[in-house]
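Indexing begins at 1, ligand by ligand and atom by atom, following the structure's order.
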Amino acid sequence: MIKKIVVANRGEIALRIMRSARELGIATVAVFSEADRLMPFVQYADEAVCIGPAASSQSYLLGDKIIAVAKNTGADAIHPGYGFLSENAKFAQAVADAGLVFIGPSAASIEIMGSKLAAKQAAQRFGVPMVPGTETPLRSVEEAREVVKKTGFPILIKASAGGGGKGMRVVQQESELEEQIRLAKSEALSAFGDDAVFIEKYVGAPRHIEIQVLGDQHGHCVYLFERECSIQRRHQKLIEEAPSSCLTPAIRAAMGQCAVDVARACNYYGAGTVEFLVDEQLNFYFLEMNTRLQVEHPVTEMITGLDLVKEQIRIAEGGKLLFTQEELQINGHAIELRVCAEDPANNFLPDTGQLETYIRPQGYGVRVDDGYEQGMDIPIYYDPMIAKLIAWGADREEARKRLLRAIAEYQVTGIRTTLPFGEWALQQPAFIEGNFDTNFISKYFTPQALEHLNEDAARAAAILAAQIWQTAGQPQVPVTASTNGQASQWKKRKIMR
Ligand code: MV4
């Protein structure tokens, strides 16, 4: 049994993992960078060790140092969270070699799924549907021409070592083919140290739907239904929900079975996610498998009632799954908004600075997974996501309205966030109808879409300034702080119609 876990991560996910560990009576060790000394996850841990300067390359990516911390503190396991070392097969192996438990899949599973070509070959043996194209490294332009005779244009060239959209190139016509292959290969070589590329027919307006799987070390594997992740911008997801509004029970079951097959194809254990593209006719195609806990896992937790981190720990200890597929069911609907320190009105540029006001929404069905407190600075060194706001409802419409209500309650000043984007997106007719694909943001969103929100805030500020002037002669109160509550009053009236 695991008694002490080193959490090799920071921010909201470090805290998220520590909370589950504490409920299980497991002690936690935080490793942190010099920039994170005052962070809540460092405070929350039973022990904390500074592992280096702010830059990830000198702290959160130092696998050997983190393993040494585990040894020195008498920990018996390491949880990698997401990002950083979570999908690094060498790190997973080094943890095992040090006599520690890696809370995740085997190094071999991570390695197979890290190669998109190896993943496709494994999936093909189980008859999992894939986009027409190649399953072996492209050897020549002639081979590409042969493949395109069958698929037609447009096609995508993808790097085998890529993933998550990295190293992808669209080719529209024959005349571009040779040049694009050359560019894709050289880009893949410099970015990943591996120039293997493959071809897929380009699916134009797909949905991105992923299936959560859970496997134990005794050969049992189940799927925990899907997450709809189509609302993204430049491969950065912004809104995720479970279940997807477009799947029928039959397609859900078929995709779930395929996801379990992909997991079996690499002897998977732990929590994993199998990504699919779904086209307009609801054909689905396996893309890749992510061998970690994902950012958006809470929506799955909200509709299944499971704690995925606890399940990961149980599985890592060698425990058996406590439920069968038949015992799992979807309860209600959950929607998550990623609250990032980015300015949606300015091309989603990262915005750093101080969280001057930070007041969380509360109430029934609202969950906030975050990693900062009011008054803290958002460092420039890491991912700009400061929180995940999740709403659960008995059905999709209740979840949507609840998330809007929570967004209106959320008070953040000092930095710009994606909260206004969320308010806008959740009110779009296409979103309300569930009728959208991965082009949702580029199709509907313009910075002007948020202008009415700014107008409201400006009007509220003007009214307040006039009132203060009348009663006191000149401003006595910091205007930024006092306009905030006023602005959200205006917002609320506008949203809740
Ligand atoms: C595709 C595709 C269209 N056709 N493959 C992007 C992330 C990576 N996992 C695969 N991606 C895509 N692969 C074929 N054959 C379109 C995308 C894609 C995408 C996928 C999921 C979510 C958002 C996306 C945004 C642009 C492109």
Side-chain angles (χ1 to χ4, degrees), residues 82-83 87 112-120 123-124 128-136 138 144 147-148 150-172 177 180-181 184 187-188 191-192 196-212 226-242 244 246-247 255 258-259 262 272-292 294-296 299 336 338 348 425 430-431 436-445:
Y82 53 70
E87 293 181 280
I112 293 176
M113 291 302 162
S115 159
K116 306 307 147 196
L117 278 169
K120 288 188 83 167
Q124 196 179 38
V128 175
M130 282 178 285
V131 188
T134 51
E135 273 91 56
T136 49
L138 195 63
V147 176
V148 171
K150 280 174 245 150
T151 63
F153 285 102
I155 57 153
L156 264 178
I157 308 172
K158 297 185 176 185
S160 180
K166 279 177 274 173
M168 275 181 15
R169 280 175 175 271
V170 187
V171 185
Q172 299 286 355
L177 191 59
Q180 290 296 329
I181 290 172
E187 213 174 73
F192 315 114
V197 299
F198 60 99
I199 287 180
E200 280 181 3
K201 169 134 190 78
Y202 180 70
V203 182
R207 287 179 175 253
H208 179 199
I209 296 181
E210 56 188 34
I211 309 280
Q212 177 72 54
E226 78 278 8
R227 292 184 289 260
E228 162 71 68
C229 302
S230 298
I231 304 209
Q232 52 81 44
R233 188 184 167 276
R234 301 193 179 163
H235 306 298
Q236 180 74 22
K237 296 167 187 165
L238 279 161
I239 295 175
E240 302 104 339
E241 63 181 304
S244 168
C246 78
L247 297 190
M255 288 179 76
C258 283
V262 170
T273 299
V274 182
E275 283 186 20
F276 293 92
L277 283 185
V278 178
D279 70 16
E280 279 137 311
Q281 292 79 44
L282 298 184
N283 299 305
F284 61 87
Y285 309 99
F286 167 63
L287 275 186
E288 52 191 78
M289 181 173 191
N290 301 319
T291 57
R292 59 169 192 274
Q294 300 221 157
V295 173
E296 59 271 27
V299 292
E336 170 178 286
R338 296 193 189 191
F348 291 84
F431 185 86
F436 55 82
D437 56 47
T438 52
N439 300 314
F440 176 82
I441 294 178
S442 58
K443 195 164 159 190
Y444 300 110
F445 183 74

Quiz item: Going by heavy atoms in the side chains, are Glu280 and Asp437 under 4.5 Å from each other?
Solution: no
Quiz item: Heavy atoms, side chains only, cut-off 4.5 Å: are Asn283 and Pro129 in contact?
Solution: no
Quiz item: For ligand 1, which atoms sit closer than 4.0 Å to a heavy atom of Val131?
Solution: 15 (N)
Exercise. With heavy atoms under 4.0 Å as the rule, classify the contact between Val203 and ligand 1 as side chain, backbone, both or neither.
Key: both
Quiz item: Within the distance-only criterion (no hydrogens, no angle test), does the side chain of Gln232 pair as donor or acceptor with the backbone N or O of Thr438 below 3.5 angstrom?
Solution: yes
Quiz item: Short list, please: which atoms of ligand 1 are under 4.0 Å from a heavy atom of Lys201?
Solution: 4 (N), 14 (C), 15 (N)
Self-check item: Contacting atoms of ligand 1, where contact means under 4.0 angstrom from a heavy atom of Tyr202
Solution: 3 (C), 4 (N)
Quiz item: Are any of the N or O atoms of Gln232 closer than 3.5 Å to those of ligand 1?
Solution: no
Quiz item: Are side-chain heavy atoms of Phe276 and Cys258 found at a separation under 4.5 Å?
Solution: yes
Quiz item: Which atoms of ligand 1 sit under 4.0 Å from any heavy atom of Glu275?
Solution: 9 (N)
Quiz item: Is there a donor-acceptor contact under 3.5 Å linking the side chains of Tyr82 and Asn290?
Solution: no
Quiz item: Nearest to atom 20 (C) of ligand 1, what protein heavy atom do you find, and at what distance?
Solution: Leu277 CD2, 3.9 Å
Quiz prompt | From NZ (Lys158) to OG (Ser160), nearest 0.5 Å | solution = 11.5 Å
Quiz item: Considering His235, Arg234, Met130, His208, which one's heavy-atom position lies nearest to atom 19 (C) of ligand 1?
Solution: His235
Quiz item: Do the rings of Phe431 and Phe436 sit parallel, tilted or perpendicular, given the 30° and 60° boundaries?
Solution: parallel
Self-check item: side-chain hydrogen bond (donor to acceptor under 3.5 Å, both in side chains), paired with Thr273, selected from Glu210, Arg227, Glu296
Solution: Arg227
Quiz item: Closest non-hydrogen protein atom to atom 9 (N) of ligand 1, residue and atom name please, with distance?
Solution: Glu288 OE1, 3.0 Å
Exercise. Tell me which protein heavy atom sits closest to atom 14 (C) of ligand 1, plus the residue, atom name and distance to 0.1 Å.
Key: Leu156 CD1, 3.3 Å
Exercise. Just jot down the ligand 1 atoms closer than 4.0 angstrom to any heavy atom of Glu200, in number order.
Key: 5 (N), 14 (C), 15 (N)
Quiz item: Does at least one non-hydrogen atom of Met168 fall below 4.0 angstrom from an atom of ligand 1?
Solution: yes
Self-check item: Identity and distance of the protein heavy atom lying nearest atom 8 (C) of ligand 1
Solution: Gly165 N, 3.5 Å
Quiz item: Please walk me through it: do Glu200 and Lys120 pass salt bridge (charged side-chain N to carboxylate O under 4.0 Å, His left out)?
Solution: CA-CA 11 Å; Glu200 280 181 3; Lys120 288 188 83 167; 2.7 Å; yes
Exercise. Tell me which protein heavy atom sits closest to atom 5 (N) of ligand 1, plus the residue, atom name and distance to 0.1 Å.
Key: Lys158 NZ, 2.9 Å
